[in-house]
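Beneath this line is the structure, given in structure tokens, with notes to follow.
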Amino acid sequence: MSFIIEINELSKLYGFGDATTVALDDVTLNIKKGEFIAVMGPSGSGKTTLMNMIGLLDRPTSGDYKINGRKVARFSEYRRARQRRENIGFIFQSFNLLPNLTVLENVAAPLSYKGVRQAKRLKLAAQMLEQVGLRDRDSYYPAQLSGGQLQRAAIARALVNSPSIIIADEPTGNLDSVSARVVMELLSEIHKMGNTVLMVTHNPSLTRYADRIIYMLDGAVVYDEASAVGEIPARVQRAVEALRKSDDDEKLANVSAMMEMMPEKHLGGSTPAEKSKPKKSKKKRGKKKK
Ligand SMILES: Nc1ncnc2c1ncn2[C@@H]1O[C@H](COP(=O)(O)OP(=O)(O)OP(=O)(O)O)[C@@H](O)[C@H]1O
Ligand SMILES: [Mg+2]
């Protein structure tokens, strides 16, 4: 069996001495080509840190990471950058489009490293924009687009290189439900084309697009389960229902509330939904190291 991503006892510590935060705590994780993984967990549990490691945006403190069977620790800086550019597509909640470039230029930007000629770059970018339904906005600037359009443009940019690994960190976090749906359908298409998708989400209902679900808590993977696409696993379902009973729609989208119910013992369905804290209250909960 070959894995596209092999992570072995990976840890990431921030800070020193008493102020050390263990953002990742001995994470071991193997990912097969073509999996769609939903990564869940409360704020501060290490989801973004893990995505940054996988996406070669950051380096672990200890542990092993292999991408396509090759040890990342042995990569030169140049090779890391090339891997990142050519094989990994990033989609962030904050879009990260360059404000001074048009939508078309933004989408074409990742191709400029590849030595693709400009006319070809713009043509490929235009094709990507067509796919995400934004062809008519190609000469707009980011400031002239809606949130949903920005996210679609960001997706077009992430995909223009045909990366085999797509990392999406809360890609629907800032979107209304219709735009979120469009974004999810796009990610789903990418998955069906055989690509590997890693998506951090706080929304339990989005796990139905995934075929595997991972929960993180305090820097560790505490739950890792296969799940049929189209289905929300029983555990997630129970948590969603418990929230629904609480008769507060907002809580449905509220990750923190759900995650507080995530530990097994709370998932019997009889637990009343806890008073939810809005997700905005980003309480950092990294473990302090003694
Ligand atoms: N650059 C940094 N310096 C110091 N601590 C950091 C840094 N980045 C992350 N951390 C800490 O590592 C822990 C994990 O952070 P991370 O961003 O991975 O959480 P997350 O699960 O993505 O949370 P959220 O759902 O809020 O995005 C947190 O306690 C955070 O404060
Ligand atoms: Mg995060």
Side-chain angles (χ1 to χ4, degrees), residues 5 7 9-29 31 37-63 65 84 88-96 147 151 154-155 158 165-175 180 183 187 197-207 210 212-224 236 239-240 243 250-263 274 276-290:
I5 287 163
I7 285 172
E9 296 186 1
L10 207 71
S11 292
K12 177 68 180 182
L13 276 59
Y14 287 111
F16 299 96
D18 283 351
T20 303
T21 298
V22 183
L24 286 182
D25 192 1
D26 272 348
V27 172
T28 295
L29 188 66
I31 299 174
I37 303 185
V39 181
M40 303 193 77
S43 182
S45 59
K47 304 179 299 297
T48 296
T49 306
L50 180 62
M51 295 306 112
N52 288 346
M53 298 295 153
I54 293 176
L56 305 177
L57 290 172
D58 202 353
R59 293 166 195 274
T61 308
S62 62
Y65 173 25
R84 205 161 49 219
I88 304 168
F90 295 95
I91 303 164
F92 300 101
Q93 186 174 13
S94 52
F95 320 128
N96 291 342
Q151 192 56 300
I155 290 179
I165 302 169
I166 288 86
I167 295 178
D169 197 345
E170 294 185 54
T172 62
N174 279 329
L175 305 180
V183 165
L187 283 176
V197 181
L198 282 144
M199 177 186 69
V200 174
T201 181
H202 282 140
N203 186 345
S205 66
L206 298 186
T207 61
R212 180 172 169 191
I213 297 166
I214 286 172
Y215 291 97
M216 296 192 66
L217 201 59
D218 289 338
V221 172
V222 294
Y223 169 63
D224 182 351
V236 178
V240 175
L243 286 171
E250 247 180 44
K251 283 181 187 161
L252 272 179
N254 186 315
V255 188
S256 341
M258 191 199 97
M259 291 315 304
E260 282 178 12
M261 307 177 69
M262 231 40 237
E274 296 172 47
S276 67
K277 289 183 237 69
K279 211 248 143 185
K280 279 171 212 118
S281 70
K282 282 220 170 187
K283 211 169 100 200
K284 293 300 174 192
R285 282 201 287 199
K287 250 194 283 181
K288 295 283 179 200
K289 213 192 174 196
K290 289 271 143 61

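Keep in mind that this is a model prediction, so the values were computed, not measured. Numbering of residues begins at 1 and proceeds along the displayed sequence. Order of appearance sets the numbers: ligands from 1, and atoms from 1 within every ligand.
- Close approach of ligand 1 to T48 is summarised as follows: ligand atoms under 4.0 Å from at least one heavy atom of the residue are 17 (O), 18 (O), 20 (P), 22 (O), 27 (O).
- For D169, the side chain to side chain donor-acceptor pair (under 3.5 Å) partners are T48, not counting sequence neighbours.
- Below 3.5 Å of separation, one finds an N or O of G44 facing an N or O of ligand 1.
- Look at M51 and the Mg ion (ligand 2): no N/O/S atom of the residue is under 2.8 Å from the metal.
- Residue P42 has at least one heavy-atom neighbour below 4.0 Å for each of these atoms of ligand 1: 21 (O).
- Atoms CD and OG1, on E170 and T201 in that order, are 7.0 Å from each other to the nearest 0.5 Å.
- Under the salt bridge (charged side-chain N to carboxylate O under 4.0 Å, His left out) criterion, R59 pairs with E77, sequence neighbours left out.
- With ligand atoms numbered from 1 in the order given, ligand 1 contributes 14 (C), 15 (O), 16 (P), 18 (O) to contacts under 4.0 Å with heavy atoms of T49.
- Summarising the geometry, atom CD1 belonging to I166 is positioned 10.0 Å from atom CD1 belonging to I155; distances are rounded to the nearest 0.5 Å.
- Which parts of ligand 1 touch E170 is read off a 4.0 Å heavy-atom cut-off, strictly below it: atoms 27 (O).
- Ligand 1 has G46 within reach: a non-hydrogen atom of the residue lies less than 4.0 Å from it.
- For the ligand labelled ligand 1, residue S45 lies inside the 4.0 Å heavy-atom shell.
- Minimum heavy-atom separation, R212 to I31: NH1-CA, 4.0 Å.
- Looking at heavy atoms from C-beta onward, I5 lies in side-chain contact with Y65 at the 4.5 angstrom threshold.
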